Amino acid sequence: MTSNDGTTIAYDRKGSGPAVVLVGGAQDDGAENAPLIPALAEHFTVYNYARRGRGASGFTEPYAVEREIEDLDALIAEAGGSAHLFGASSGGALALEAAAAGSAIDTIAVWEVPYAVGDDIRPRFEEYVADTRRAFDAGRDEEVLELFMRMTGASDDNIAARKAAGKQTAHWADSVALAPTLVHDSLFLNRYQLPADRLATVTQPVLVTTGGPITVPYMAGLPSDFFDRAADELADLLPHAQRETLEGPDHVVDPQIVGPLLLRFFSSEH
């Protein structure tokens with residue numbers, strides 16, 4: 001599929017029925033949402049795409065949030081003119097920005113959108129955004145990735161170990177190649193601040209979900225209620241929000257737990 005600015009956007013399509021578009025987060029080329037496809041494809045036509053700058057999709061400079069929304073609009077047009085959206089992590093923020101911009105979206109479900117809510121963590125995120133921007137502008141993509149890992153809780157020893165292990169395969173190089181997405185996503189995440197004015201204009205029903213307190217070691221640097229804080233604020237700001245907490249899942253979506261919830265939400269009358 002070709003987007004409005006000529007950028008090629010790669011996607012997979014499975015199933016039949018109303019359209020559901022899966023929107024991935026930073027550092028995801030579409031692989032993290034792929035396990036959801038079998039859970040949804042019996043009832044929906046599922047479109048799982050690689051956002052620009054990821055996987056088989058192309059990228060055209062300069063980056064702009066508007067281009068990402070145009071990518072979604074092109075995919076929704078390909079899907080027949082309207083679609084439900086599921087957005088994981090920063091993909092949820094993109095889905096909400098598209099809704100606020102007037103994209104033809106039926107309903108939206110978001111999973112653990114990483115807005116940084118709370119005076120205790122705002123200074124860390126402001127420093128992280130500034131540091132990653134400097135590293136990105138200097139072409140130091142590996143440093144961008146390391147800054148992200150350090151901000152979420154990885155120690156220098158842990159980063160060195162993961163780098164050494166990743167260099168035995170293509171994993172580390174693949175992660176570094178996706179590092180610019182961390183900088184791009186911070187733009188439509190409003191430097192990780194909730195865009196209250198735009199969220200208030202979203203007219204679609206929105207399911208706001210999290211997996212409860214953070215327990216995974218690779219996010220130990222964040223407050224345990226990091227995602228719940230953002231989700232609670234989102235649910236308060238969105239005019240038609242439904243808030244759900246699922247106990248147990250990791251930040252990467254578990255299709256056995258999230259899939260049935262999405263089936264119910266996308267199939268319901270609102």
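We're numbering straight along the sequence, starting at 1. The structure displayed is predicted, hence computed values, not measured ones.
For E42, the CD atom counts as loosely surrounded, since its 6.0 Å shell holds 12 or fewer non-hydrogen atoms of other residues, nucleotides or ligands. No more than 12 heavy atoms of other residues, nucleotides or ligands sit less than 6.0 Å from atom CG of D197. Around the NE2 atom of H171, the shell of radius 6.0 Å holds no more than 12 heavy atoms that belong to other residues, nucleotides or ligands. Atom CZ of R13 has 12 or fewer neighbouring heavy atoms from other residues, nucleotides or ligands inside a 6.0 Å radius.
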TODO: Determine, stepwise, if the pair L22 / L40 fulfils side-chain contact (heavy atoms from CB on, under 4.5 Å).
DONE: CA-CA 11 Å; L22 307 179; L40 298 173; 4.1 Å; yes
TODO: Test K163 against E142 for salt bridge (charged side-chain N to carboxylate O under 4.0 Å, His left out), laying out the working first.
DONE: CA-CA 10 Å; K163 187 186 300 187; E142 185 169 272; 3.5 Å; yes
Open item on the list: Between S155 and D157, is the side chain to side chain donor-acceptor pair (under 3.5 Å) condition met? List the steps.
Closed with: CA-CA 5 Å; S155 66; D157 288 345; 5.3 Å; no
- [ ] Show your reasoning for whether side chain to side chain donor-acceptor pair (under 3.5 Å) applies to E78 and Y11.
- [x] CA-CA 11 Å; E78 188 86 1; Y11 69 92; 3.1 Å; yes
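Looking only at distances, no side-chain donor or acceptor of T45 sits under 3.5 Å from a matching main-chain atom of A41. With S267 contributing its side chain and L263 its backbone, the two residues share a donor-acceptor pair below 3.5 Å. Looking at T107, its side chain never comes within 3.5 Å of a backbone N or O of P205 through a donor-acceptor pair. With hydrogens and angles disregarded, no donor-acceptor distance shorter than 3.5 Å links the side chain of N190 to the backbone of Y192. Listed for the N48 side chain is a donor-acceptor partner under 3.5 Å among the backbone atoms of G30. Judged by distance alone, with hydrogens and angles left aside, the side-chain atoms of S103 form no donor-acceptor pair with the main-chain N or O of A99 at under 3.5 Å.
The hydrophobic cluster containing V65 also contains L85, counting ILVMFWY residues as joined when their side-chain heavy atoms lie under 4.5 angstrom apart, directly or transitively. W111 and V23 are members of different hydrophobic clusters when ILVMFWY side chains are connected at heavy-atom separations under 4.5 Å.
The aromatic rings of F226 and F125 sit parallel to each other, their planes meeting at less than 30°, with 60° as the upper class boundary. Ring geometry for F59 versus H184: interplanar angle under 30°, hence parallel rather than tilted (30 to 60°).
Salt bridge annotation for R229-D120: present, with a cationic side-chain nitrogen under 4.0 angstrom from a carboxylate oxygen. Here D119 does not pair with R122 in a salt bridge; the nearest charged N to carboxylate O distance is not below 4.0 Å. Ion pair R67/D71 not flagged as a salt bridge, since none of the NZ, NE, NH1 or NH2 atoms sits closer than 4.0 Å to an Asp/Glu carboxylate oxygen. In summary, E127 and R124 do not engage in a salt bridge, as defined by a charged side-chain N under 4.0 Å from a carboxylate O. Electrostatic pairing of R52 and E68 does not count as a salt bridge here, judged by no charged N lying under 4.0 Å from a carboxylate O.
For the pair T209 and T245, the minimum side-chain heavy-atom distance is 4.5 Å or more. In this structure, L94 and R51 have side chains that are in contact, with non-hydrogen atoms separated by less than 4.5 Å.
The aromatic ring centroids of F265 and H270 lie less than 6.0 Å from each other.
Annotation for T2 and A74: closest pair O-CB, 4.4 Å, computed over non-hydrogen atoms. Minimum heavy-atom separation, A104 to G81: CB-O, 3.2 Å.
Paired with S89 under the rule side-chain hydrogen bond (donor to acceptor under 3.5 Å, both in side chains), one option of E32, E112, Q27, H251 passes, and it is H251.
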